[in-house]
Amino acid sequence: MKIKEAANRLNTTPRTIRFYEEKGLIQPDKGENDYRSYNEHHLWKLQTILSLREVGMSTQQIKHTLQNEEEVECYLNVQRSALYEQWLEIKDMIGTIDQMLDKSTDEGFVKEDIFALADQLKNVKEKRKGWQDQWDFNGQARDYDKSLKMNGYRFNVHEHYEEALEKAVEVVQPKEGEKGVDIGIGTGNLGSQFTPKGACIIGVDQSDEMLSVCKEKHPQIDVRHGHFLALPVMDGEVDFITTSYALHHVTEEEKELALREMDRILKPNGRIAIVDLMFADQHDRECVVGDFKDAGNQEAIFAIEDEYYANRSNLVAWFEQLGYKVHTHSFNNILHMVYAEKQ
DNA sequence: ATTCTGACA
DNA sequence: TGTCAGCA
């Protein structure tokens, strides 16, 4: 059939169909007169393109999706996270406008306040967009579980690993029918411990490969592409949040935003358990790092400087600012848990 | 009458 | 994506 008929059948326009061809998404047959000719297979493909466009995918992304049809789910997952990021950005902008309007007095606007709010907003936007995986988790995914079992030569970051995960499950006390999120789920070692207790788990990770491994190991987990600073979850949607060995991949500055993001998706009376490599406080950090230096343990120093170990005291303070009741627990010098309950 | 390409909004 | 011109 000719282009107009094809367009009519698909509820689109000839211009659009030609445009997709120009972008290399589809190549129809051409007759002697150079007229394009479409068969059922072409129509089916166009239908797919139009559907993906409808959920906001760019023609470039669609091209990739079409090239690996088996991975449509993965591409949709990534697209969802991109939409969540946009949605959050718009929410932030509206919130900022509300605050700007609140600042207006009888005297009119105080420009300095407006400027400050805009600066803040810019800062949050940049943080949300700026996060990058510097550690190649896609590359690590396939043998991540194996690497957990190997002991570091002089610095074992996974000492007390099992114990720490168990502790998180114990304090969260998942109940039947509850919904929880595990952030940076990786291969699912923590998240999967909640489903046997009847909870639904959303597993968030920025690495497609990790999500893929996690889904293979634990099909019952709802894996979602996303990260700490833009969680692919609606406001007040979950009863609890857990995260293990992940928060140290965002900088200290980003951590505060990360906690606010957790607060956003958590229901009232919800709970949060953070298990991670961190120091009790600044003083403790200096002592521990100093000891490693004195011992000439370059491995440890390098590992610590390559990532962003938190000061536990900061996490506690931020949670308390947000009105949470906080408990802490130490497994060793550098492995701690922060447990926070939303009031 | 319909489509095609290319330019421009 | 829509629209328009100039052609075949």
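Hydrogens, waters and symmetry mates play no part in the numbers below; they use all other heavy atoms, side chains included. Within every chain, numbering begins at 1; the chains are lettered A, B, ... in the order of the sequence lines, protein sequences first and strands thereafter.
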Quickly work out the A/Ile3 CD1 to C/dG2 P distance and round it to whole Å.
12 Å
Taking only side-chain nitrogens and oxygens of A/Arg53, does any of them come within less than 4.0 Å of OP1 or OP2 of C/dT1?
yes
Tell me whether the OP1 or OP2 atom of C/dT1 has a side-chain N or O from A/Thr16 closer than 4.0 Å.
yes
Using whole Å, what does the distance between atom C1' of nucleotide C/dT1 and atom NZ of A/Lys23 come to?
12 Å
Using OP1 and OP2 only, check whether a side-chain N or O of A/Lys30 sits under 4.0 Å from B/dT5.
yes
Tell me whether the side-chain N/O atoms of A/Arg36 come closer than 4.0 Å to OP1 or OP2 in B/dC4.
yes
Sidechain N-carboxylate O distance under 4.0 Å for A/Lys179, A/Asp239
no
Tell me if the centroids of the rings in A/Phe279 and A/His336 come within less than 6.0 Å of each other.
no
B/dC4 phosphate, OP1 or OP2: any side-chain N/O from A/Arg18 under 4.0 angstrom?
yes
In whole Å, I'd like the distance from the CG atom of A/Asn11 to the C1' atom of C/dT1.
16 Å
What is the separation between atom CD1 on A/Ile17 and atom P on C/dG2, rounded to the nearest whole Å?
11 Å
If you pin A/Tyr35 and A/Arg15 to their nearest nucleotides in DNA chain C, which one's is more 5'?
A/Arg15
Looking at A/Glu112 and A/Lys103, is there a salt bridge between them, counting it only when a charged N and a carboxylate O are closer than 4.0 Å?
no
Rounding to an integer number of Å, can you tell me how far A/Phe19 CZ sits from B/dG6 C1'?
14 Å
d(CG, A/Asp34; C1', B/dT2) in whole Å:
14 Å
Check: A/Asn68 side chain, A/Glu70 main-chain N or O, donor-acceptor pair, under 3.5 Å:
no
Nucleotide B/dT3, atom C1' - distance to CD of A/Glu22 in whole Å:
16 Å
Can you tell me if the side-chain N/O atoms of A/Tyr20 get under 4.0 Å from OP1 or OP2 in C/dT1?
yes
Can a donor-acceptor pair be found, under 3.5 Å and without considering hydrogens, that links the side chain of A/Arg36 to the backbone of A/Pro28?
no
Would you mind pulling out the nucleotide paired to C/dA8, Watson-Crick or G-U wobble, both distances under 3.5 Å?
B/dT2
Starting from P on C/dA8, measure out to NZ on A/Lys2 and report it in whole angstrom.
20 Å
